[in-house]
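Everything on this sheet refers to the single structure shown next.
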Amino acid sequence: MESIHQYAFKAAEAANCAAEQGKFREMHDRLFANQNALALVQLKSYAEALGLDSPRFDTCLESGKYAGEVRKDLALGAKAGITATPSFGIGFTDSEDPNKVKVVQTLRGALPFNSFKPVIDSLLAQ
């Protein structure tokens, strides 16, 4: 993650710190809208703009409180074969465990609908 985008790891931590204050989605959206502006000072300014308790957010972010969780998520993604953001696992609900999906095909990258349609159509035809 850090080898691809030097600020991505800290941005993921920032999203978790924002979640503590009920603003995960808002921070997520802000981070994606500003992918070229994710330095620490910018992450803190986004928190302030979202109305977060700045001292609480800053302490969370600077402490690395969620670093382990972010690393765990990265490991789970790697184990599942996720190598790009975004990635989409397309498949069926597992008949033995409806909380799981049996992935038939993975699509990687920000692709147009035309890339998804034939995959989905072939699965629906089965």
Side-chain angles (χ1 to χ4, degrees):
M1 178 185 246
E2 291 162 296
S3 63
I4 296 170
H5 190 303
Q6 66 179 352
Y7 300 116
F9 193 92
K10 207 56 157 172
E13 288 183 84
N16 282 291
C17 291
E20 283 187 355
Q21 298 184 46
K23 298 278 187 167
F24 174 83
R25 178 56 54 190
E26 294 86 344
M27 180 61 83
H28 168 276
D29 293 348
R30 183 72 54 115
L31 297 172
F32 271 86
N34 297 284
Q35 292 181 40
N36 293 319
L38 299 175
L40 189 60
V41 67
Q42 292 157 326
L43 299 175
K44 291 179 178 184
S45 73
Y46 300 152
E48 186 176 336
L50 294 172
L52 299 179
D53 176 333
S54 292
R56 182 176 163 203
F57 177 85
D58 294 353
T59 298
C60 176
L61 189 60
E62 291 168 5
S63 73
K65 178 178 182 177
Y66 290 103
E69 187 171 321
V70 172
R71 289 190 199 295
K72 180 181 168 188
D73 291 345
L74 286 168
L76 285 171
K79 184 177 178 183
I82 303 301
T83 59
T85 303
S87 288
F88 303 90
I90 301 172
F92 298 103
T93 303
D94 189 315
S95 60
E96 295 179 20
D97 185 349
N99 294 316
K100 292 184 179 179
V101 173
K102 182 176 182 180
V103 175
V104 176
Q105 185 168 347
T106 301
L107 297 177
R108 293 171 180 85
L111 303 170
F113 175 72
N114 301 1
S115 299
F116 292 85
K117 187 173 180 355
V119 176
I120 294 169
D121 287 344
S122 72
L123 293 177
L124 290 173
Q126 292 182 19

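Just the heavy atoms: all of them, side chains too, but no hydrogens, waters or symmetry mates, feed the values below. Small disclaimer: the values here were computed from a predicted structure and weren't measured.
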Could you tell me whether Lys65 and Glu20 make a salt bridge, using a distance below 4.0 angstrom between a side-chain N and a carboxylate O?
yes
Rounded to the nearest 0.5 Å, how far does CZ of Arg30 lie from CD of Gln42?
12.0 Å
Please determine if Glu69 and Lys72 form a salt bridge, counting it only when a charged side-chain N lies under 4.0 Å from a carboxylate O.
no
Within-4.5 Å side-chain heavy-atom neighbours: Arg108 and Thr106:
yes
Nearest heavy-atom pair of Ala47 and Phe57: which atoms, and what distance?
CB-CD2, 3.4 Å
Can you get from Ile120 to Phe88 by hopping between Ile, Leu, Val, Met, Phe, Trp and Tyr side chains that sit under 4.5 Å apart?
yes
Do you reckon Leu124 sits in the same ILVMFWY cluster as Val104, going by side-chain contacts under 4.5 Å, direct or chained?
yes
Let me confirm one number: the CG-OG1 distance from Asn99 to Thr93, rounded to the nearest 0.5 Å.
9.5 Å
Whether over 12 other heavy atoms sit under 6.0 Å from Asn36 CG:
no
Closest non-hydrogen atom pair between Leu31 and Ala15, with its separation:
CD1-CB, 4.2 Å
Are the side chain of Ser63 and the backbone N or O of Thr59 linked by a donor-acceptor pair below 3.5 Å?
yes
So which heavy atom on Tyr7 is nearest to which on Leu38, and how close?
CB-O, 3.4 Å
Are any side-chain N or O atoms of Gln35 and backbone N or O atoms of Phe32, one a donor and one an acceptor, separated by less than 3.5 Å?
yes
Any idea which heavy atoms bring Leu107 and Phe116 closest together, and the distance?
CD1-CD2, 3.5 Å
Can a donor-acceptor pair be found, under 3.5 Å and without considering hydrogens, that links the side chain of Asn34 to the backbone of Ala37?
no
Measure the CD-CG distance between Gln21 and Leu50 for me, rounded to the nearest 0.5 Å.
10.0 Å
Closest approach of Ala110 to Pro86 (non-hydrogen atoms, all atoms of both residues)
N-CD, 3.8 Å
Taking a hydrophobic cluster as the set of Ile, Leu, Val, Met, Phe, Trp and Tyr residues connected by side-chain heavy atoms closer than 4.5 Å, whether directly or through intermediates, do Val101 and Val119 fall within one such cluster?
no
Within the structure provided, determine whether Phe9 and Leu74 are in side-chain contact (heavy-atom separation under 4.5 Å).
yes
If you apply the rule side chain to side chain contact (heavy atoms under 4.5 Å, CB included), what do you find for Val103 with Ile90, and how did you get there?
CA-CA 5 Å; Val103 175; Ile90 301 172; 5.9 Å; no
About how many Å separate CG of Leu43 and CE of Met27, when rounded to the nearest 0.5 Å?
6.5 Å
If I take atom CG from residue Leu40 and atom CD from residue Glu13, how far apart are they, to the nearest 0.5 angstrom?
9.5 Å
Would a single hydrophobic cluster contain both Leu52 and Tyr46, if residues Ile, Leu, Val, Met, Phe, Trp and Tyr are joined by side-chain heavy-atom contacts under 4.5 Å?
yes
Give, for atom SG of Cys17 and atom NZ of Lys10, the distance between the pair rounded to the nearest 0.5 Å.
7.5 Å
Would you indicate whether Glu48, at its atom CD, is surrounded by more than 12 heavy atoms from other residues, nucleotides or ligands within a distance under 6.0 Å?
no
